[in-house]
J.: 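A single structure is presented below for examination.
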Amino acid sequence: MDYNFVEIEKKWQTYWAENKTFKVKEDPSKPKYYVLDMFPYPSGAGLHVGHPLGYIASDIYSRYKRLKGFNVLHPMGYDAFGLPAEQYAIQTGQHPDVTTEQNIARYREQMDRIGFSYDWSREVRTCDPKYYKWTQWAFLEMFNHWYNNDTRRAEPIAELTVRFGKEGNLKVNAANNAQKEFSAAEWNNFSEVEKSEALMWYRIAYQGETAVNWCPQLGTVLANDEVKEGFSVRGGYPVEQKKMKQWQLRVSAYAQRLLTDMETLEWTDSLKDMQRNWIGRSQGAEMIFKVSNGKREYDMTIFTTRADTIFGVTFMVLAPESEWVDILTTPEQRSAVDEYLLAVKKKTERERIAETRKVTGVFSGSYAINPLTLEKVPVWISEYVLAGYGTGAIMAVPAHDSRDYVFAKTFNLPIIPLIEGCDISQESFDAKDGIMCNSGFLNGMSVKEAIPAAIDYVEAKGIGKRKINYRLRDAIFSRQRYWGEPFPIYYKDGIPTPMSESELPLQLPDVDKFLPTESGEPPLARAENWTYRGYPIEKSTMPGFAGSSAYYLRYMDPHNDSALVSHEADEYWRNVDLYIGGTEHATGHLIYSRFWNKFLYDCGYVCELEPFKKLINQGMIQGRSNFVYRIKNTNTFVSYGLKDRYDTTEIHVNVNIVNNDRLDMEAFKAWMPDYHNAEFILEDGEYVCGYAIEKMSKSMFNVVNPDQICEKYGADTLRMYEMFLGPLEQSKPWDTKGIDGVHRFLRKLWRLYFDRDEFCVCSDNATPDELKALHKLIFKVQNDIESFSFNTTVSAFMIAVNELSDLKCNKRSILEPLVIILSPFAPHIAEELWHLLGHNESISFAEFPKFIDAYVVEDTFEYPVSFNGKLRFKLNLSKSMSAKEVEAAVLADENTTRFLQGATVKKVIVVPSKIINIVC
RNA sequence: GCUCAGGUGGUGGAAUAGGUAGACACGCAGGACUUAAAAUCCUGUGGGCAGCAAUGUCCGUACGGGUUCGAUUCCCGUCCCGAGCACCA
């Protein structure tokens with residue numbers, strides 16, 4: 001009987017669906033395990049072979065954990081709000097709802113074909129009102145909370161209102177963007193509008209005016225992680241900085257907790273590093289400088305991490321957008337400053353980035369007083385100082401900061417070295433290393449001593465204090481687009497007012513067109529009656545990350561109408577044990593989700609501080625494009641090896657008509673009418689194509705569709721081959737050559753169970769060789785799966801099946817466990833064989849075979865022995881000893897005992913086939 | 001510029017903790033079965049040198065040093081590729 005994967009796979013996929021095999025519910029008798037994939041955005045192009053890589057890995061792990069007795073939650077859904085559907089809608093007039101629905105159906109069909117063990121009864125879609133009710137709910141909760149820096153948690157805004165009534169905002173230690181201070185009396189005299197404004201400075205979801213990334217082509221603002229090198233990540237349009245009033249989330253309030261709690265996570269170092277970088281903690285001090293524009297004196301605060309260098313301050317620099325610019329510009333300098341500001345403003349974000357390190361600046365005309373030396377130093381304005389970080393003003397120490405150095409050289413400002421023996425003739429000395437000089441009371445100290453000493457000094461003198469700054473900014477939360485969650489906010493006499501929870505979801509209204517209005521308002525302005533009790537409703541919608549921030553919680557209790565997740569479900573499933581997805585979300589989704597979770601934790605809705613315990617980033621699968629070489633002005637194509645003899649054009653050729661870089665010439669002629677009469681110059685009778693590794697995309701004809709692979713080889717082959725391709729985390733090109741090897745393996749495995757056409761498994765006792773092959777496999781598979789080394793697991797299966805094949809093994813005691821071990825990787829063939837072996841229940845309910853250590857030790861005569869890592873001699877041991885016997889023999893050996901000289905043996909480690917380590 | 005991850009045959013990649021480098025697979029070459037093809041199976045396959053041969057021997061994990069009885073693995077320096085951040089004071 002042949003291995004008929006088409007029939008087998010269809011049969012078991014239907015069986016799993018009909019029997020709801022992978023449906024789970026809370027079960028206190030079993031330990032839980034939550035395996036999550038980053039849910040996909042359902043694009044019109046469907047899945048290509050790169051998409052399922054992570055899903056296959058998570059599915060293998062889920063199935064493995066089930067065999068190990070865990071109650072596994074393994075759900076899937078769709079991140080369905082987003083720009084492509086909206087842009088398609090603008091072009092075609094087709095409602096995004098319709099295209100989204102179609103795309104989801106296609107995704108589902110493709111995923112089903114690969115045989116994933118998802119619990120589809122828990123599916124979520126972010127664009128479903130039943131789902132986004134809870135996105136809106138979370139927003140309202142954030143609107144109704146503020147962040148208390150003393151208790152380090154979010155607290156209800158109602159309590160803040162009470163405190164304002166009693167003591168104003170002076171004593172409140174909160175994360176805020178307050179514009180002014182007020183007393184209790186002032187608060188009590190505030191109008192409703194003034195109160196609303198003041199509270200807005202404290203809300204965790206707040207409306208505030210800041211410089212935002214504005215993308216004119218998309219007609220919307222974007223968050224920092226949606227912009228790369230001055231262009232929008234989606235679409236690649238230029239982005240400019242603009243001051244606008246937008247909804248924001250006070251993510252910055254959580255900066256320290258996001259940093260601290262990261263220590264507990266099992267994420268890769270590089271990913272943690274990216275987040276650390278993004279959060280950008282830096283420890284230093286704020287210092288007050290007296291500044292004067294000739295008429296009046298002011299206190300100006302700056303931030304520095306190098307308080308020790310204060311004796312070397314020779315000028316100050318303001319960001320062009322700083323409010324100090326206007327105050328400190330003197331009448332004589334006014335026109336020069338205005339000209340400079342105009343020039344800076346005209347630059348696009350892109351030019352600014354391109355011209356990084358080009359030095360520009362202008363003198364304000366004012367001076368500052370160095371609080372320690374009492375010297376007068378000029379105040380300059382330059383774009384190298386950023387308005388959004390620290391206070392938007394710096395003290396410049398050209399001797400020990402490379403940017404200040406270049407600026408000083410350009411504008412001929414003095415440079416004072418502060419570290420003994422440093423050479424600053426060519427460049428600044430930035431290292432925090434050396435002995436201080438020219439620095440008054442700091443002289444003779446090392447830099448590391450001088451930094452805290454300087455801060456202590458300024459704190460004592462009342463001219464500064466310790467301060468920690470973060471680069472993490474609040475997240476811009478509104479988008480001027482249609483296809484997103486509407487804000488449950490209306491404007492009552494101009495005051496942003498939340499709707500009540502019972503009125504959610506606020507459904508997305510229908511509009512005639514999906515474009516902004518002529519007057520530049522967002523598309524929702526087109527909706528008829530977009531009002532609430534006669535008041536206008538907010539017209540922006542929420543960004544993509546809103547819906548994806550808490551979806552992992554919703555899976556725990558997806559049909560609950562009265563809560564995002566019930567306490568019971570949350571207490572049982574807690575958080576995600578294993579999360580698999582791409583690195584591209586490192587500074588977006590993975591920060592927002594952590595923030596969102598911590599906020600819900602503060603409010604008591606969830607029981608875990610972190611959403612994703614362990615995270616694995618699967619690599620990207622790139623395309624492998626093939627080329628043919630057309631001799632210019634002819635219809636003749638020359639094979640790769642001969643192309644240099646002619647003047648040729650390189651043309652992408654559909655990879656699906658190329659096999660092992662050999663072109664199927666007939667298929668090529670049929671591919672496009674132009675090539676119908678193509679002629680070929682061959683090498684050894686074959687046409688060899690060139691290749692390149694590129695992004696998988698339609699235009700390069702290098703897209704490989706998983707359906708094609710399933711059709712030709714079956715889902716089990718696809719699953720195993722994707723794992724076999726290389727380490728999960730590594731990016732690699734898809735290359736179909738090699739898939740035959742994996743397919744051959746499955747056929748070979750199938751044949752183990754058959755004698756000619758008869759299913760043939762006997763119940764004789766297994767031989768030691770057969771047992772050894774099996775147990776080596778169990779050992780290897782367990783180790784490898786636990787360390788996510790799936791590519792070597794596939795190799796281990798191949799070795800085991802080759803060995804059993806050579807032994808002509810047909811023993812049930814070997815072949816039955818083999819099926820169980822294989823089932824996470826190739827579930828369809830495993831399920832079929834499992835039933836042929838006489839089982840009625842799905843293999844998912846089987847137990848992973850126990851490993852007997854006696855069969856792991858390899859036969860070998862000479863074991864190298866290492867003693868605390870140092871090799872001293874070799875030891876002769878007999879064949880087929882168990883680990884324990886080897887250990888006993890080591891301890892009994894004369895050479896060993898002589899060498900140990902009475903030291904106590906703590907541990908004897910026998911590594912199969914390799915070496916014995918003796919730890920004393 | 002800074003941070004992180006990597007560099008192993010013709011190719012993808014193995015090598016548990018410093019212990020036989022190149023597992024497994026692809027490709028290639030040769031062979032068996034077959035009228036033939038497909039499928040299947042077997043053998044060989046890092047490089048050099050010696051030999052009819054079994055085999056022997058030297059060199060080999062980007063490059064140069066170091067630690068070690070022993071280094072693909074650890075340390076220092078150089079080069080190259082990839083990813084992220086990019087005037088964050």
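Sequence lines set the chain letters: A, B, ... in the order given, protein chains first and strands last, and positions in each chain run from 1.
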J.: So if I apply the side chain to side chain contact (heavy atoms under 4.5 Å, CB included) rule between Gln618(A) and each of Ile56(A), Thr583(A), Ile580(A), which one comes out positive?
T.: Ile580(A)
J.: Does the side chain of His585(A) reach to within under 4.5 Å of the side chain of Asn617(A), using non-hydrogen atoms?
T.: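 Side chain of His585(A) against side chain of Asn617(A), heavy atoms only: no contact under 4.5 Å found.
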J.: Whole-Å distance between rA89(B) P and Trp324(A) CH2?
T.: 22 Å
J.: Using purine N1 to pyrimidine N3 plus N6-O4 or O6-N4 for Watson-Crick, or N1-O2 and O6-N3 for G-U wobble, both under 3.5 Å, which nucleotide pairs with rC33(B)?
T.: none
J.: Rounding to the closest angstrom, what is the interatomic distance between rU61(B) and rG46(B) at atom P?
T.: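 These two P atoms come out 16 Å apart once rounded.
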J.: For nucleotides rA15(B) and rU72(B), find the distance between their C1' atoms and express it as a whole number of Å.
T.: 9 Å
J.: Would you say that more than 12 heavy atoms from the other residues, nucleotides or ligands in this model lie under 6.0 Å from the CD of Glu584(A), or not?
T.: yes
J.: Now, which nucleotide makes the Watson-Crick or G-U wobble pair with rC74(B), with each of the two distances under 3.5 Å?
T.: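 Pair assignment: rC74(B) / rG66(B).
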J.: Is the closest basic N to carboxylate O distance between Asp273(A) and Arg276(A) below 4.0 Å?
T.: yes
J.: Round to the nearest Å and state the distance from Arg744(A) atom CZ to rA25(B) atom C1'.
T.: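 From Arg744(A) CZ to rA25(B) C1': 9 Å.
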J.: Decide if the gap between the ring center of Phe315(A) and the ring center of Phe407(A) is smaller than 6.0 angstrom.
T.: yes
J.: rA71(B) and rG60(B): how far apart are their C1' atoms, nearest whole angstrom?
T.: 14 Å
J.: Say we look at rU16(B) and rU55(B): how far apart would their C1' atoms be, to the nearest angstrom?
T.: 33 Å
J.: Can you identify which nucleotide, out of rU16(B), rA39(B), rA89(B), has its nearest atom closest to the Phe779(A) side chain?
T.: rU16(B)
J.: Is there any protein nitrogen or oxygen under 3.5 Å from a nitrogen or oxygen in nucleotides 11-14 of chain B, and what are the pairs?
T.:
| residue | atom | partner | partner atom | Å |
| --- | --- | --- | --- | --- |
| rG12(B) | O2' | Leu725(A) | O | 2.7 |
| rG13(B) | OP1 | Gln730(A) | NE2 | 2.6 |
| rG13(B) | O3' | Asn791(A) | ND2 | 3.3 |
| rA14(B) | OP1 | Asn791(A) | ND2 | 3.0 |

J.: Can you identify which nucleotide, out of rA23(B), rC41(B), rC87(B), has its nearest atom closest to the Arg751(A) side chain?
T.: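 Selected nucleotide: rC41(B).
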J.: Of the nucleotides rA39(B), rC85(B), rA89(B), which one has an atom closest to the side chain of Asn277(A)?
T.: rC85(B)
J.: So, does Ser270(A) get its side chain near the phosphate of rA83(B), meaning an N or O under 4.0 Å from OP1 or OP2?
T.: no
J.: Under a 4.5 Å cut-off applied to non-hydrogen side-chain atoms, are Glu383(A) and Thr360(A) in contact?
T.: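 Side chain of Glu383(A) against side chain of Thr360(A), heavy atoms only: contact under 4.5 Å found.
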J.: Do the two ring centres, one from Phe745(A) and one from Trp750(A), sit under 6.0 Å apart?
T.: no
J.: Answer syn or anti for rG9(B), where the cut-off is 90° from 0 on the glycosidic torsion.
T.: syn
J.: What's the gap between rU8(B) and rC85(B) when it is taken at their P atoms, as a whole Å value?
T.: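 The same atom, P, in both gives a distance of 27 Å.
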J.: Using both distances under 3.5 Å as the test, list the Watson-Crick or G-U wobble partner of rG84(B), or none.
T.: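 Partner of rG84(B): rC2(B).
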J.: Using the C1' atom as the point on both nucleotides, what is the distance between rU34(B) and rU45(B), in whole Å?
T.: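 Those two atoms are separated by 27 Å.
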J.: Between Val794(A) and Asn783(A), name the one whose nearest nucleotide on RNA chain B is closer to the 5' end.
T.: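 It is Asn783(A), whose closest nucleotide lies nearer the 5' terminus.
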J.: From CG of Asp784(A) over to C1' of rU16(B), roughly how many Å is that when rounded to an integer?
T.: 9 Å
J.: Want to settle it: does Ala393(A) or Thr583(A) sit nearer the 5' end of RNA chain B, counting the closest nucleotide to each?
T.: Thr583(A)
J.: Check the pair Lys272(A), Glu263(A) against salt bridge (Lys or Arg N to Asp or Glu O under 4.0 Å), reporting the backbone distance first and the verdict last.
T.: CA-CA 9 Å; Lys272(A) 284 186 182 178; Glu263(A) 302 305 321; 5.4 Å; no
J.: Please confirm whether the ring centroid of Phe5(A) lies under 6.0 Å from the ring centroid of His743(A).
T.: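 When the ring centroids of Phe5(A) and His743(A) are compared, they turn out to be within the sub-6.0 Å range.
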J.: Please state the P separation for the pair rC28(B) and rC81(B) - nearest whole angstrom.
T.: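 Here rC28(B) and rC81(B) have their P atoms 32 Å from each other.
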J.: Please report the distance, rounded to the nearest Å, between CD in Gln275(A) and P in rC4(B).
T.: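 In whole Å, rC4(B) P and Gln275(A) CD are 17 Å from each other.
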J.: Under 4.0 Å between any heavy atoms, over every strand shown, what does Ile799(A) touch: base, sugar-phosphate, or nothing? Just pick one.
T.: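 Sugar-phosphate only.
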J.: For rC28(B), give its Watson-Crick or G-U wobble partner with both distances under 3.5 Å, or none.
T.: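 Across any shown strand, rC28(B) pairs with rG44(B).
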J.: Asp273(A) has an atom CG; how far is it from atom C1' of rC2(B), in whole Å?
T.: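 Between C1' of rC2(B) and CG of Asp273(A): 11 Å.
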J.: The side chain of Met798(A) lies closest to which of these nucleotides: rC26(B), rC24(B), rG84(B)?
T.: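 Closest of the options to the side chain of Met798(A): rC24(B).
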J.: Determine whether more than 12 heavy atoms belonging to other residues, nucleotides or ligands lie under 6.0 Å from atom CG of Asp2(A).
T.: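 Incorrect, the count does not exceed 12.
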J.: Considering only the C1' atoms, how many Å lie between rC4(B) and rG10(B), rounded to the nearest integer?
T.: 32 Å
J.: Give Arg473(A) one of three labels, base, sugar-phosphate or nothing, depending on what nucleic acid heavy atoms sit under 4.0 Å from its own.
T.: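 Base contact.
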J.: What integer distance in Å separates Ile778(A):CD1 from rU16(B):P?
T.: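 From Ile778(A) CD1 to rU16(B) P: 22 Å.
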J.: Looking only at the side chain of Asn802(A) (C-beta and beyond, no hydrogens), which of the listed nucleotides rA89(B), rC4(B), rA25(B) gets closest?
T.: rA25(B)
J.: Using atom CD1 of Ile591(A) as one end and atom C1' of rC85(B) as the other, report the distance to the nearest whole Å.
T.: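 Nearest whole value for this atom pair: 13 Å.
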J.: Can you see if the side chain of Tyr384(A) gets near the phosphate of rA89(B) - specifically, an N or O under 4.0 Å from OP1 or OP2?
T.: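 For rA89(B), OP1/OP2 do not have a side-chain N/O of Tyr384(A) under 4.0 Å.
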J.: Return the nucleotide paired to rU55(B): Watson-Crick means purine N1 to pyrimidine N3 with N6-O4 or O6-N4, wobble means G-U with N1-O2 and O6-N3, both under 3.5 Å.
T.: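 Here rU55(B) is engaged in a pair, and the nucleotide opposite it is rA50(B).
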J.: Rounded to the nearest Å, what distance is computed from the CZ atom of residue Phe5(A) to the C1' atom of nucleotide rA39(B)?
T.: 14 Å
